[in-house]
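Written out below as C-alpha cells is the structure these notes cover.
Note that the structure is a prediction, hence the values are computed from the model and not measured. Proteins get letters first, then strands, A, B, ... in listed order; numbering begins at 1 in each. Hydrogens, waters and symmetry mates play no part in the numbers below; they use all other heavy atoms, side chains included.
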Amino acid sequence: MYAEDYTPFELMAVAGARELKDGEIVAVGIGLPVVASFLAKRTHAPRLTILFELGIVDPEPIHTGVGLADPRVWYRAKVMSSFVDMLGMVLHRGLVDVGFLGGLETDAYGNLNTTLLGDPRGTFTHSVGSGGANDIASSAKRTVIIIRHQARKLKEAVSFVTSPGYLQGGSAREAAGLRGGPVRVITDKAIFGFDPHSKRLRLESIHPRITLEDVLANMGFQPLVPDQVPVTEPPTVEQIRLIREEIDPERIYAG
Amino acid sequence: MYAEDYTPFELMAVAGARELKDGEIVAVGIGLPVVASFLAKRTHAPRLTILFELGIVDPEPIHTGVGLADPRVWYRAKVMSSFVDMLGMVLHRGLVDVGFLGGLETDAYGNLNTTLLGDPRGTFTHSVGSGGANDIASSAKRTVIIIRHQARKLKEAVSFVTSPGYLQGGSAREAAGLRGGPVRVITDKAIFGFDPHSKRLRLESIHPRITLEDVLANMGFQPLVPDQVPVTEPPTVEQIRLIREEIDPERIYAG
Amino acid sequence: MGKLATLAEAVASIPSGTHVALSGFAITRCNMAFAREVIRQGIRGLTVSQCVGAMDADLLVGAGAVERMIYGGGSLDRFGRLNNVNRAIESGTLIAEEYSSLSVAFRYLAGALGLPFIPTRSLRGSDILARLQQIAPENIGTVQDPFTGDEWLALRPLVPDVAVVQVQVADEEGNAWIFGPRWDNEEQVKASQRVIVITEQLVPTEIIRRDPERTVIPGFKVSHVVHLPFSAHPTSVYRVYDYDAEHIREYAAATRTVEEFRAYLEKYVFGVQDHWEYLELIGGMKRLTSLMADPILGY
Amino acid sequence: MGKLATLAEAVASIPSGTHVALSGFAITRCNMAFAREVIRQGIRGLTVSQCVGAMDADLLVGAGAVERMIYGGGSLDRFGRLNNVNRAIESGTLIAEEYSSLSVAFRYLAGALGLPFIPTRSLRGSDILARLQQIAPENIGTVQDPFTGDEWLALRPLVPDVAVVQVQVADEEGNAWIFGPRWDNEEQVKASQRVIVITEQLVPTEIIRRDPERTVIPGFKVSHVVHLPFSAHPTSVYRVYDYDAEHIREYAAATRTVEEFRAYLEKYVFGVQDHWEYLELIGGMKRLTSLMADPILGY
C-alpha cells in the first residue's frame, strides 16, 4: 500500500533503497544513502552488506550521528578495520556493487564535484573534496547519485570533476581505464538514467505531483527526455513507517 | 669471568648474541638464533626487539618450542600480527638490523642453500626451502649465518642459492639490487667475516682449543686467512648460566 | 632513556618544516592538545598528511603552522567544513596536495611496505589528478602492468617524518591499541620514520602482552609516549569520551573569519599555559564527565 | 540460504582443479579434517597455495590430490620435513612454484587490494627466481620505478578460487576471529574469490559485534561455515588445543615411504567415515582432553 504523506527526501531515500539488491555490497557516506541502505536491509535486501570507508561493516545504530566520524553510526558493527581494508580490499578489489554519491553539483554525464566552485585556477571556494567518493566512483560496479534538483546543482558541465561519471560521454570513461559508472541520478523531482551510447543524462521517471516543466526548468541543461515518462513509484506505508519510527526517528537525514 | 665448561653450540649462541647491539631489531628463525637473541636481550641489549616472521614481537617463552609454529614460542608476545606486518612493514620497509640465517650449506660468498641438494635440473633431494630466509637475506641491513663446521656444509659454491649472500662476490650483490649482506659466519670451530672488496669468506677468529688445521681441513674451500688469527672470546660464566638455567633449560637448542 | 614524555617535550622534538602524519578523522581521535602545543611552541612550515582532513589539521592551518597539506578532502562532519584549510587554499597560503582517501592510504601503505610505488585505479580521469599533476607532479607517475601491458597510475610512497597518533591504550614502550575503526592510522604509523603516541590510558606492558592481537602500534617505532587524558577534546575518543558538540559548534563559528579565529586561538591556545589549564577553561571536571562514554555504546 | 554446512557439504563445493589457499603454517591451524575429507571425496588436480608449506598441504599432496603447489618452502618444524611434498617434487609429480614467505604474502596482498602487480626486493639474484622463471614465467615480471628509473621485480597477484581457513571463533555468517599470529590468513581470505570457514567455536553474531576489531574474516566473503571441533588435529589451534606430538611423529615416520604413507591413509583417512570416527580412532575424549589448551598459556 502506497503512502500518501511523505517528504521529497523520504521519496529519494526509498528510490535509493530500490536500487539495492539482496546480497549486494554497498558503500555509503552519510545522510540519505544511510537511510536508503538501512531501509533496503530491513525490507527486500536483508543480506545487504553496508560499508563505511573508515572501516565499518553492517552497523546497527540506535542514535543518529553527525557523520562517519560519529561513533553513533559505528554501533554494533560486525567489522571495525581501516581504509585499506574497506576501500582497498573490498572496493579496489572490485567487490563493491553499489556506491552512493552526492555532491555540490553533477552534470550531463554524471560527473560529480565535491571539491570547489568557481575557477580552480582563479577565484574559487573550496568545499569538502573527495574523501572516498572518487575511489567509489572509480571502482564500484555501479554508482547512484542522490542530489537536490536545482539548476545550480544540475549543470551542463561541473567546474571540477572530483568523481568521474562518464567524463565527456560516449566511451570517455572506459578510455580513462575506469569500469562501472553511474546508473541513476535521484533528485527530489525525478529519477534519471544514462543513455547507453551517448552516456548523457536521460529522464526515467517524474515524482508524483511534479510536472515535466518543473523538472526541466530547474536544471542547468537539457537532459534526454523520452516520449513517455512514467511517474516514480511512491513509497509504501511500511517504508515510511520504518524511516520515521526506526531508521531516522529524529528526522536528521530525511528531513 | 669466562666459563671453562661450555659446548660448541653454547659458544655459537654467545658469539651470535655478541653480534646484536642494544636497540636493534633482529629477525630470527628457530634454534640457536633464538638462544642468541634472548641471551643478548638479557645481557647487553635489553632494548633489542625480536621478531618472528609469522607475526610475533618480543615473546617471553617459558617452555621450549619445536619451531615457529609452536605456541610455546609465542608466549607473552607484545604483538601478534602477520607476515605482511613483519616481513613487509618491518623487514621490506628496511627496519630489520640483523637477520640470523642457517641452512644446508653456505659458500665462499655467504650464499645460503636451504632448498635442495644435488642437481636442480636432474636428481636432487628437496629440503625445507626459503620460508622468510630469502626475504631476510634480501632486505635486512646485515645478516649473520650460523652453521656447523663441516666440509659438506662449507662449500666453494652451493648447489642452489636460496638466500643470496654476495652471489659471485665483488659488486655482484649490489648489481642485483640488494643492499646489506652477510657480515659473519659463525661455526662450531671459528668465526668468519667477508673481505670488503672481493666479498670472499675471511677467517676472523678461531675458537678456543681449535687449531687452524681443524678449521681448514673441515671446509670445502680455502677461505682468506690473515697472518694473525685471534682466539674467539669465550662465553662468560653468566652467559652460560643464563642459557642453561633460563633460556634453554631443556637444552633443546644449544645441545 | 625512557620514552615517557610530557606533551611539551614530545612537541619540542618536532622541528619546523617536519612532515607530520596526524591520526584524526573529521571530529574523532584528533590530536587537539598536540596541535595546541605545536602552536604555542611556534613550530611552523609543517607538512601535514592524513587520509581525511580533520579538526587537528584545521587548527594547525588556522594558526599558520602548515605549509603543505597532503590529504583526501575533509570536513567537521555536520558541524561544518574545514574553514581554515579552505580559506588557506583559496588564498594560496597553503599548498594543498589533494587526493582521495584511498590514494593517500595507498601512499602510506607503499611507504609502510617499502614499495617503490603503488599502482591505483583511483583518480583517473578526474580533475583531482589534473591538479596534482600541476601541484605535485613528483608524486604521480605511470607504470605499465608487465602482465597485461595496461597503463596504470602510480603513486609515490608517503613516508612522514613522524606520525602523531591519539590512542586509547599504550604502555611506556609505545605499544598501543586502537579501539574502533582505525582508518589510516596503522599505515601512517608503519610508513613513518618514528611515532609519537598520545594516550588516554597508560598500562603496564603486562596488559599489552595479554591481548597482543590488538597491538597496531609496535613500541619499536615509537620515540615518545605522552599520557594525557582528554587530549583529543573537543573531538571524540571511542569508548573513552564523546565529542563536545557545543565546543565544536563554537569552533566552526569561530573559523568563519580570520579575526574570529584569532580570538579563538587567543582564548583556547595562547590563553592557557598547558592542557590542564585548557581543560579547566572549557569547563573542567563538570564538562568533561558529561562527555564520558557509556561503556556499552562507546560514546 | 544459510551458510552453515557439514564438512562434507563444504568440501563438495570444491571441484577438482580448484585453486585452494590453505590456512596452515607448519603444524598449526592446519586444515586437517578438511584435507582428509577432500581425499575421501576423491577431489584431485588441486592447486594449493600458502606462504609456508604445512601439514595440510603435505597430506593432500601425499594422497595425490594436488597438481601444483604455490608456497614459500615449509616443514613440520622439528618433527621433520614435508616428505610427501618433497618426494613429489623430486619425482616430478608435483609442480612446485616455490617462492619465499614474503613473496607469496605479497602476491596475496596484491590480489586482496586489486593491484595489477606488486614490486618486491625479495628473490633477486637467487636461484628461487631462476627456477620460477622456468616453472612459472607468467607470474614474474619486471617494472621500472617511475620515480627513480630503477628496475624492480614484479609479482602477479594471487587470487585463489577459495580460501579454507581454520579459525577459533566464527558466527553463522562467517564473520570470524583468529587468535594468535595470523601469518598469511587475512591476505589469503581477502585475495580469494570465496572463503570456507572451519571453526572450533560457533558464536552468535551478537558476540562478533561486541569485539569487531577482531573480525579478520568478514562474512560477506564466506560461502560455507563448518562448525567442527578438533578439525585441525593433530596440529594445534592456539588457545583451544595443543598439537598432538605423538601423532605428528607417527605421521612424519609414515611419510618416509610411499608404502608406509598408503597405510597411514588407509587407517586415518579411508578407514573412517567422517571426522567423528577419526577422533575416536586417534584416542577419543581421553586423548583430546589431554591436548586442551591451558587458558593462560594458550597451548
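- Proximity to chain C (any heavy atom under 4.5 Å) is shown, for D85(A), by neither the backbone nor the side chain.
- Looking at D242(C), the atoms closer than 4.5 Å to chain A (heavy atoms on both sides) all sit in the side chain, from C-beta outward.
- Chain A forms more heavy-atom pairs under 4.5 Å with one residue of V52(C), V85(C), D127(C) than with any other, namely D127(C).
- Of the listed residues (D184(C), I89(C), L102(C)), the one with the most heavy-atom contacts under 4.5 Å to chain A is L102(C).
- Looking only at heavy-atom pairs under 4.5 Å with chain A, the residue among F79(C), W183(C), Y99(C) that has the most is W183(C).
- Between H63(A) and Y299(C), the closest side-chain pair of non-hydrogen atoms falls below 4.5 Å.
- A side-chain donor-acceptor contact under 3.5 Å links R131(C) to the backbone of P120(A).
- The residue among A26(C), A245(C), G125(C), A130(C) with the most heavy atom pairs within less than 4.5 Å of chain A is G125(C).
- Under the 4.5 Å side-chain criterion, counting only non-hydrogen atoms from C-beta, Y243(C) is in contact with V66(A).
- Proximity to chain A (any heavy atom under 4.5 Å) is restricted, for L109(C), to the side chain, taken from C-beta onward.
- Contact of the L87(A) side chain with the F106(C) side chain is not registered, since no non-hydrogen atoms from C-beta on lie closer than 4.5 Å.
- For a residue to count as touching a neighbouring chain, one of its non-hydrogen atoms must lie under 4.5 Å from one of that chain's; by this rule T120(C) touches chain A with backbone and side chain alike.
- Both the backbone and the side chain of E90(C) come within less than 4.5 Å of a heavy atom of chain A.
- Of the atoms belonging to F124(A), heavy atoms from both backbone and side chain fall under 4.5 Å from chain C.
- Using a 4.5 Å heavy-atom threshold, the side chains of R81(C) and H126(A) count as separate.
- Of the N and O atoms on the side chains of S139(A) and R121(C), at least one donor lies less than 3.5 Å from an acceptor on the other residue.
- Once rounded to the nearest 0.5 Å, the distance linking CZ of R124(C) with CG of N134(A) reads 11.0 Å.
- Within the 4.5 Å cutoff, the side chain of L123(C) has no heavy atoms near those of the S138(A) side chain.
- From S82(A), atom OG reaches atom CD of Q188(C) across 11.5 Å, with rounding to the nearest 0.5 Å.
- Residue S103(C) touches chain A through both its backbone and its side chain, counting heavy-atom pairs closer than 4.5 Å.
- The closest side-chain heavy-atom distance from N86(C) to T125(A) is not below 4.5 Å.
- Neither the backbone nor the side chain of I136(A) comes within contact range of chain C; no heavy atom of the residue lies under 4.5 Å from a heavy atom of that chain.
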Show me the side-chain donor-acceptor pairs of residues 48-62 of chain A shorter than 3.5 Å, one per line, residues at least two apart or across chains.
from: E53(A); atom 1: OE1; to: G132(A); atom 2: N; distance (Å): 3.0
from: E53(A); atom 1: OE2; to: G132(A); atom 2: N; distance (Å): 3.3
from: E53(A); atom 1: OE2; to: S101(C); atom 2: OG; distance (Å): 2.9
from: D58(A); atom 1: OD1; to: I50(A); atom 2: N; distance (Å): 2.8
from: D58(A); atom 1: OD2; to: K78(A); atom 2: NZ; distance (Å): 3.0
from: E60(A); atom 1: OE1; to: R76(A); atom 2: NE; distance (Å): 2.9
from: E60(A); atom 1: OE1; to: R76(A); atom 2: NH2; distance (Å): 2.9
from: E60(A); atom 1: OE2; to: R209(D); atom 2: NH2; distance (Å): 2.8

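- Using a 4.5 Å cut-off between heavy atoms, Q134(C) touches chain A through its side chain atoms alone.
- In this structure, chain C has no heavy atom under 4.5 Å from any part of T114(A).
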| request: Assess whether side-chain contact (heavy atoms from CB on, under 4.5 Å) is satisfied between Y108(C) and V84(A), documenting all intermediate values. | output: CA-CA 10 Å; Y108(C) 284 135; V84(A) 164; over 6 Å; no
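- A heavy-atom distance below 4.5 Å is not found between the side chains of S163(A) and S126(C).
- With chain A as the partner, the residue from G74(C), S75(C), A105(C) showing the most heavy-atom pairs under 4.5 Å is G74(C).
- Relative orientation of the F83(A) and F25(C) rings is tilted, given thresholds of 30° and 60° on the angle between their planes.
- Neither the backbone nor the side chain of I178(C) comes within less than 4.5 Å of any heavy atom in chain A.
- In this structure, Y71(C) OH and S130(A) OG are separated by 10.5 Å, a value rounded to the nearest 0.5 Å.
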